[in-house]
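Below is one structure, written out as structure tokens, with a few remarks after it.
Count residues from 1 along the sequence. Bear in mind the structure is a predicted one, so any value in this text is a computation, not a measurement.
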Amino acid sequence: HPNTLSSMHSLGNVLLKASKLEESETLHRQVLAVRKMELGLDHPDTLSSMNSIGLALSERGDLSAAEEMHKEVLKIMMGMFGPDHPGVAK
């Protein structure tokens, strides 16, 4: 259910802020798997999950994987909106 996924995503964010990085990443990956299947890769909620995973990876010190995740999100957003869209240009 979308509300359950939203709650899981929020909990993942809290875990990230609490420095429970592995738990945060695991939860965000669970949410991402369902969102990809149910909403598709180009849905804003799916992209938000990917971004959260990138943040968790960055906090864990896995900068290479974090960079890869964030680049993938940016590539999808640029493909959807173009480089001049305010959501991409930020």
Without swapping roles, check the side chain of T46 against the backbone of D42 for a donor-acceptor pair under 3.5 Å.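 Here the side-chain-to-backbone pair does not exist.
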Side chain to side chain, S24 and N13, heavy atoms closer than 4.5 Å: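 S24 does not reach N13 side chain to side chain.
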Please name all residues satisfying side chain to side chain donor-acceptor pair (under 3.5 Å) with S49, sequence neighbours left out, ordered by chain then number.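 Result, side chain to side chain donor-acceptor pair (under 3.5 Å) vs S49: R35.
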Sequence neighbours left out, what passes side chain to side chain donor-acceptor pair (under 3.5 Å) with S48? Give chain and number order.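 Scan of S48 (side chain to side chain donor-acceptor pair (under 3.5 Å), adjacent residues dropped) gives H9.
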If hydrophobic clusters are built from ILVMFWY residues whose side chains come within less than 4.5 Å, do V73 and L32 share one?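 As far as the 4.5 Å side-chain criterion goes, L32 and V73 are connected within one cluster.
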Could you give all pairs that pass the side-chain hydrogen bond (donor to acceptor under 3.5 Å, both in side chains) test and reach residues 68-77, with sequence neighbours left out?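 For residues 68-77, and leaving out neighbouring residues, the side-chain hydrogen bond (donor to acceptor under 3.5 Å, both in side chains) pairs sorted by first residue read N51-H70, E67-K71.
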How does the hydrophobic cluster around L27 look, that is, which other residues are in it when side-chain heavy atoms under 4.5 Å mark a link?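 Answer for L27: L5, M8, L11, L15, V31, V34.
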Any chance you could pull the hydrophobic cluster mates of L16, using side-chain heavy atoms under 4.5 angstrom and chaining through other members?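 Members alongside L16: L21, L55.
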What's the separation between atom CG in L74 and atom CG in L47, rounded to the nearest 0.5 Å?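 Between atom CG of L74 and atom CG of L47 there are 10.5 Å.
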If you take all heavy atoms of L41 and I76, which pair is closest and at what distance?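 Looking at all heavy atoms of both residues, the closest pair is CG-CD1, 3.6 Å.
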Check G54 against A66 and note the closest heavy-atom contact, atom names and distance.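 Minimum heavy-atom separation between G54 and A66: O-CB, 3.3 Å.
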Does anything in residues 18-28 form a salt bridge (charged side-chain N to carboxylate O under 4.0 Å, His left out)? List the pairs, not counting sequence neighbours.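 Pairs touching residues 18-28 that pass the test: E25-R29, E25-R60.
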